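Quick notes on the structure that follows.
Keep in mind it's a predicted model, so treat the numbers as computed, not measured. Numbered from 1 within each chain, the chains take letters A, B, ... in sequence-line order.
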Amino acid sequence: MRTLSDPTRRAIYERIIAGGEATVRTLTDHAGVSQPAVSQHLKALLDANLVAGRKEGRNTFYRPDPRGLAPLAAWMEEHRRFWEASFDRLGDYLHELQQSEGGQ
Amino acid sequence: MTTTTATEYFTFSIQRTYDAPSARVFRALTNVDEKAKWFSGPPGQFTPLERTIDLRVGGKERLKGAWSDGSTTDFQAIYCDIVPDSRLVYTYDMYVNARRISVSLATVVLTPVGARTQLDFTEHVVYLDTYPTEEDRRRGSTGIEDRKLGSEMLFDLLGGYLQ
């Protein structure tokens, strides 16, 4: 996600997500930086699989690419599973306790 | 060394129902000896170094431990709200090799359901720069240069109870 740590790049990415699809030109209108700078950011987003490009005539349309977010999603999933497993272990412990205490 | 930061947010909930009264569940959540029975790492891979619970608002909980690969983890919580047998709210920092990887706000709500108890856990997490990317994993690193830590260990850490 370090690709998204640059605020300008992140703003460009969020605009692509919000709009579904965008060209360099529409992105430049909103980015507050030059077109070459926007192109540079788009290249970084493409390299990280965060966006994908589609050529149509002289324009390239950029859209979100879910592949780039997969590592973060996997990490979050591991985190959630850690706590799920912990609470399952708590259940096992409570069950053992009930048994040893004769149902309390 | 760049000074860029990556900040990501995640909220999730877990629900479980236990065949025990809420007072029993609350005790297992808050008594240090009882919590040791279920809040730990996989046997043989994790050695607790420090385990404390100071159950009062503003009080701290800590579980620091060493892993068989030489790394350490440190869970440091502060209790924000305590309602005996029904609610716990705490914040916690998670450290790996003395580096803070996330800050969380966690809530546990216990609701009696007949003789059983429903547990609702909700956590809001802020990840601070440090989870491994696909590229990091390919390189066998976690993306943190000063953290001598295999990505496998991190996934053991977070998925350890599953085995």
Side-chain angles (χ1 to χ4, degrees), chain A residues 1-14 17 33 37 40-41 43-52 64-104, chain B residues 2-21 24-25 27-29 34-40 42 94 101-102 104 106 108 115-117 119-123 125 127 129-137 143 151 154-163:
Chain A
M1 278 319 103
R2 276 163 296 170
T3 307
L4 291 177
S5 59
D6 181 289
T8 306
R9 190 176 301 159
R10 183 152 191 138
I12 290 169
Y13 178 64
E14 285 174 358
I17 287 180
V33 293
Q40 199 92 44
H41 287 306
K43 186 182 179 311
L45 292 170
L46 284 164
D47 288 347
N49 289 324
L50 285 163
V51 303
D65 185 342
R67 285 179 300 165
L69 288 176
L72 176 62
W75 183 242
M76 289 170 171
E77 179 62 14
E78 290 293 332
H79 185 139
R80 190 177 64 77
R81 282 167 62 193
F82 166 81
W83 285 106
E84 281 191 336
S86 293
F87 288 121
D88 286 342
R89 298 242 313 210
L90 170 59
D92 293 344
Y93 169 65
L94 290 166
H95 183 71
E96 282 168 28
L97 216 58
Q98 293 282 94
Q99 303 243 307
S100 67
E101 289 171 1
Q104 190 179 307
Chain B
T2 58
T3 54
T4 55
T5 56
T7 316
E8 299 297 336
Y9 310 94
F10 179 41
T11 297
F12 66 99
S13 294
I14 296 170
Q15 186 177 90
R16 291 286 183 275
T17 302
Y18 299 124
D19 193 12
R24 200 71 210 74
V25 179
R27 189 149 47 123
L29 288 167
E34 294 204 33
K35 193 163 182 179
K37 304 283 189 195
W38 62 272
F39 184 57
S40 188
M94 190 67 208
I101 64 165
S102 64
S104 298
V108 182
R116 311 180 81 200
T117 301
L119 177 147
D120 287 285
F121 174 81
T122 300
E123 178 170 342
V125 196
Y127 295 107
D129 310 319
T130 51
Y131 60 89
T133 64
E134 199 100 56
E135 171 66 19
D136 293 328
R137 276 189 241 181
S151 55
L154 266 174
F155 285 94
D156 280 352
L157 160 67
L158 291 175
Y161 293 150
L162 294 173
Q163 31 188 299

Can you measure from [atom1] ([X]) to [atom2] ([Y]) and round to the nearest 0.5 angstrom?
X	Y	atom1	atom2	result
Ile14(B)	Arg80(A)	CD1	CZ	6.5 Å
Trp38(B)	Glu96(A)	CH2	CD	14.0 Å
Arg89(A)	Phe39(B)	CZ	CZ	10.5 Å
Phe87(A)	Phe121(B)	CZ	CZ	4.5 Å

Tell me if the CD atom of Glu77(A) is crowded by more than 12 foreign heavy atoms within 6.0 Å. yes
Answer with side chain, backbone, both or neither: which region of Leu90(A) has an atom nearer than 4.5 Å to a non-hydrogen atom of chain B? both
Taking the side chain from Tyr93(A) and the backbone from Lys35(B), do they hold a donor-acceptor pair closer than 3.5 Å? no
Measure across Phe10(B) and Met76(A) and return the closest heavy-atom pair with its distance rounded to 0.1 Å. CE2-O, 3.2 Å
Heavy-atom contact with chain A under 4.5 Å, split by part of Glu34(B): both
Interface moiety of Val25(B) toward chain A, non-hydrogen atoms closer than 4.5 Å: both
Glu123(B) side chain reached by His79(A) side chain, heavy atoms, under 4.5 Å: yes
Who are the salt bridge (charged side-chain N to carboxylate O under 4.0 Å, His left out) partners of Asp88(A), not counting sequence neighbours? Arg16(B)
